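Nothing fancy with the numbering, it's 1 onward along the sequence. Remember, predicted model here, so these are calculated numbers, not experimental data. Both backbone and side-chain heavy atoms feed into the values below; hydrogens, waters and symmetry mates do not.
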Amino acid sequence: MKLLNRVSRIDIKRSYLMTHYLRKFGIAGKHTTEIPTQNQYIVAYKKAVREIKKLSEAQLDNKILEKNKTYIKRFHDLRKKRLDAYNSAHWFLAIVSIKELGVWKGAGGLPKSWTKEPLNKLSQRIKKALKISDYHIKARSRRAIPSIIQLKNTIQNDRYSIPIVFESGMGTNGRAGLPKTKFDIDDGNMRAIAYAVSSDKRLKVYVGITKKNA
């Protein structure tokens with residue numbers, strides 16, 4: 001890992017909420033079947049950024065914790081755990097090898113057994129599976145990965161679409177019960193997978209480091 005510079009936690013919270021606002025403006029929907037054009041993405045992105053920047057940190061916190069119509073306590077508890085972790089970590093922009101990264105257990109509907117592997121090995125498995133339309137690649141991953149790859153150059157230049165990661169076992173610990181990797185992806189699993197599938201060996205990430213290790 002190579003640390004580049006310190007990052008404000010408010011930018012981490014904005015980054016976490018970016019997908020929520022892109023969906024609000026018609027991009028990155030869970031059930032979207034069409035890949036948006038670059039222009040459609042940019043229009044939605046600009047609207048999302050304007051919305052996010054209007055919010056104070058307290059409002060961002062409330063949005064992260066927001067209960068929806070299908071409120072489930074365990075998901076709310078996870079959001080609270082995430083917010084606490086975002087507030088307590090020191091944040092840095094960093095460059096990390098995909099060999100050091102692990103995705104969330106079952107990310108994007110992928111088999112949990114696949115997500116045991118570090119991102120470098122997982123991405124090779126997914127790359128082969130996409131070529132043969134393997135049934136293990138569920139709808140969300142089958143839609144999201146090609147869409148992200150097509151818009152990759154635009155998305156990677158967006159400061160609010162950088163994947164968010166923690167040191168292994170810290171933060172939300174989305175890999176609980178899986179083999180340890182150096183860093184666990186908290187948000188942006190599909191983006192990280194898509195970048196690795198498209199042959200990126202190192203990724204730009206926001207990394208949360210506990211105060212004792214900062």
Side-chain angles (χ1 to χ4, degrees), residues 4-71 75-76 78-96 104 107-108 140-141 143-166 171-172 174 185-195 198 200 203-208:
L4 301 178
N5 54 264
R6 288 288 295 264
V7 179
S8 166
R9 73 185 183 207
I10 196 168
D11 277 343
I12 304 303
K13 295 172 183 179
R14 287 169 173 163
S15 299
Y16 175 73
L17 289 169
M18 174 54 74
T19 299
H20 168 83
Y21 281 97
L22 285 174
R23 286 175 180 157
K24 178 179 177 180
F25 296 113
I27 301 293
K30 290 183 179 180
H31 305 294
T32 301
T33 57
E34 295 182 0
I35 295 176
T37 65
Q38 185 178 49
N39 186 61
Q40 287 172 327
Y41 179 86
I42 290 172
V43 169
Y45 165 74
K46 288 180 178 178
K47 291 178 180 177
V49 170
R50 281 198 294 270
E51 291 277 332
I52 286 173
K53 286 192 171 182
K54 289 178 184 176
L55 302 177
S56 67
E57 185 169 7
Q59 289 172 319
L60 290 168
D61 291 353
N62 288 335
K63 183 63 70 173
I64 291 172
L65 294 174
E66 188 175 77
K67 297 180 182 179
N68 56 30
K69 293 179 182 178
T70 56
Y71 170 73
F75 291 147
H76 179 74
L78 175 61
R79 294 186 187 115
K80 179 66 167 59
K81 185 177 182 180
R82 173 177 285 115
L83 182 59
D84 289 344
Y86 284 4
N87 285 332
S88 63
H90 291 293
W91 290 99
F92 296 84
L93 181 65
I95 303 293
V96 177
W104 194 276
R140 183 185 173 198
S141 293
R143 289 191 302 264
I145 294 170
S147 180
I148 294 167
I149 290 173
Q150 184 162 315
L151 294 166
K152 173 180 162 181
N153 291 339
T154 301
I155 295 172
Q156 283 189 319
N157 287 325
D158 171 20
R159 65 184 289 190
Y160 297 129
S161 293
I162 295 172
I164 300 169
V165 311
F166 283 104
T172 46
I185 301 173
D186 176 66
D187 184 64
N189 285 274
M190 289 293 98
R191 276 164 271 153
I193 290 170
Y195 300 155
S198 69
D200 287 4
L203 304 184
K204 187 180 290 185
V205 301
Y206 290 134
V207 58

I164/R82 under side chain to side chain contact (heavy atoms under 4.5 Å, CB included): CA gap, chis, key distance, verdict: CA-CA 11 Å; I164 300 169; R82 173 177 285 115; over 6 Å; no

L93 versus K204, closest heavy-atom pair with distance: CD1-CG, 3.4 Å

Distance-minimising heavy-atom pair for Q38 and L151: CA-CD2, 3.6 Å

Pairing residues for W104 by the ring-ring contact (aromatic ring centres under 6.0 Å, His included) criterion, not counting sequence neighbours: none

Smallest separation among heavy atoms of A89 and F166, with atom names: CB-CE2, 4.3 Å

Interatomic spacing from OG1 in T154 to CD1 in I42 - rounded to 0.5 Å: 5.0 Å

Point-to-point distance, once rounded to the nearest 0.5 Å, from CG of D187 to NZ of K13: 14.5 Å

Residue pairs fulfilling salt bridge (Lys or Arg N to Asp or Glu O under 4.0 Å) with at least one residue in residues 42-55, sequence neighbours excluded: K24-E51

Residue pair Q59 / L55: nearest heavy atoms and the distance that separates them: OE1-CA, 3.3 Å

Pairwise side-chain contact, R159 with V49, heavy-atom cut-off 4.5 Å (strictly under): no

Pairwise distance OG(S161) to CD1(I148) - rounded to 0.5 angstrom: 9.5 Å

Residue pair I145 / A194: nearest heavy atoms and the distance that separates them: O-CB, 3.8 Å

Short side-chain to backbone donor-acceptor contact, N157 and N153, under 3.5 Å: yes

Of all pairs that satisfy salt bridge (Lys or Arg N to Asp or Glu O under 4.0 Å), the ones with a partner from residues 83-96, not counting sequence neighbours: K80-D84

Heavy-atom closest contact (R191 atom, I155 atom, distance): CD-CG2, 4.2 Å

Distance-only polar pair, side chains of D186 and Y86, donor-acceptor under 3.5 Å: yes

Flag side-chain contact, heavy atom, 4.5 Å: S141 against M190: yes

Euclidean distance, L60 CG relative to I52 CD1, rounded to 0.5 Å: 7.5 Å

Beyond-backbone contact of V43 with F25, side-chain heavy atoms, under 4.5 angstrom: no

Side-chain heavy-atom pair V207, V165 within 4.5 angstrom cut-off: yes

Between CG on residue L83 and OG on residue S88, distance to nearest 0.5 Å: 9.5 Å

Distance in Å, L4 CG paired with I95 CD1, rounded so as to fall on 0.5 Å steps: 5.0 Å

Test item: Y160 and D11 side chains (from C-beta on) under 4.5 Å apart, heavy atoms: yes

